[in-house]
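Working notes, beginning with the structure itself.
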Amino acid sequence: MDGKSTSTKVESGVAKATDATAMFVVQLGAFSDPAKARQQQQSLASKGTKVYTETLKTDKGEITRVRAGPFASREEAEVAREKLKKLGLDGVVTDK
């Protein structure tokens, strides 16, 4: 990571994992506008979802990813993805 990542951790009722063992996340969005990423992050945090952002440099400029997690297993991440889907958010489970 580049040191620009921010983290908001809110208890969500889904399985919790320590960063050392967590291997999976649910990616919910990737934004070229960091303000839009923060808006989605804050919205999710207010609904009790453990989310964080991660800024990456690409050939087309910086993007900010919004991710839920981390989770110790793909199964835990899938459970979280289903809960997020009920909130109207379509995410993708991926390796951390």
Side-chain angles (χ1 to χ4, degrees):
M1 281 192 258
D2 62 7
K4 292 186 180 180
S5 294
T6 59
S7 181
T8 301
K9 294 184 179 180
V10 178
E11 299 305 317
S12 64
V14 293
K16 294 156 194 68
T18 63
D19 287 340
T21 61
M23 303 298 292
F24 298 93
V25 297
V26 180
Q27 183 164 316
L28 298 164
F31 301 88
S32 58
D33 181 352
K36 288 184 181 180
R38 278 192 303 276
Q39 183 180 24
Q40 185 180 47
Q41 178 188 21
Q42 291 170 350
S43 174
L44 289 166
S46 73
K47 294 176 182 170
T49 303
K50 183 174 149 183
V51 295
Y52 67 97
T53 61
E54 183 176 65
T55 302
L56 301 172
K57 293 183 184 194
T58 70
D59 294 339
K60 296 179 182 180
E62 284 190 355
I63 60 166
T64 303
R65 296 191 292 199
V66 178
R67 293 177 154 196
F71 304 97
S73 70
R74 180 171 292 278
E75 292 77 22
E76 290 175 4
E78 288 290 348
V79 168
R81 186 183 70 77
E82 286 300 318
K83 288 183 180 183
L84 290 162
K85 195 172 186 177
K86 290 177 184 175
L87 295 174
L89 297 164
D90 195 21
V92 176
V93 173
T94 184
D95 295 344
K96 183 173 176 187

Completion exercise
Shortest non-hydrogen pair, Asp95 vs Val25, comes out as O-CG2, 4.3 Å
Handout entry: Minimum heavy-atom distance Lys50-Pro70, with the two atoms named
Key = CE-CD, 3.8 Å
Fill in the blank from the handout: For Thr53 and Ala37 the tightest heavy-atom approach is CG2-O, 4.4 Å
Problem - Step-by-step side-chain contact (heavy atoms from CB on, under 4.5 Å) determination, Thr64 to Glu54 - result: CA-CA 5 Å; Thr64 303; Glu54 183 176 65; over 6 Å; no
Exercise for the section: Run the numbers on Glu75 and Phe24 for side-chain contact (heavy atoms from CB on, under 4.5 Å), then give the verdict. Expected result: CA-CA 9 Å; Glu75 292 77 22; Phe24 298 93; over 6 Å; no
Fill in the blank from the handout: Closest heavy-atom pair, Val26 versus Gly91, reported as atoms and distance to 0.1 Å, is CG1-CA, 3.9 Å
Problem - Shortest non-hydrogen contact between Val51 and Ala45, atoms and distance - result: CG2-N, 4.2 Å
Problem - Gln39 atom CD, over 12 foreign heavy atoms within 6.0 Å - result: no
Exercise for the section: Kindly work out whether a path of hydrophobic side-chain contacts (I/L/V/M/F/W/Y, heavy atoms less than 4.5 Å apart) joins Val92 to Val66. Expected result: no
Exercise for the section: Could you give me the CA-CA distance, side-chain angles and deciding distance for Arg74 and Val93, then say whether side-chain contact (heavy atoms from CB on, under 4.5 Å) is met? Expected result: CA-CA 7 Å; Arg74 180 171 292 278; Val93 173; 3.4 Å; yes
Exercise for the section: Using the side-chain contact (heavy atoms from CB on, under 4.5 Å) rule, take Lys96 and Met23 through it: C-alpha gap first, then chi angles, then the decisive distance, then the call. Expected result: CA-CA 5 Å; Lys96 183 173 176 187; Met23 303 298 292; 5.6 Å; no
Practice task
Please report the closest heavy-atom contact between Ala72 and Glu76, naming both atoms and the distance.
Solution key: N-OE1, 3.2 Å
Handout entry: Approximate separation, where rounding is to 0.5 Å, of Lys83 NZ and Leu89 CG
Key = 14.5 Å
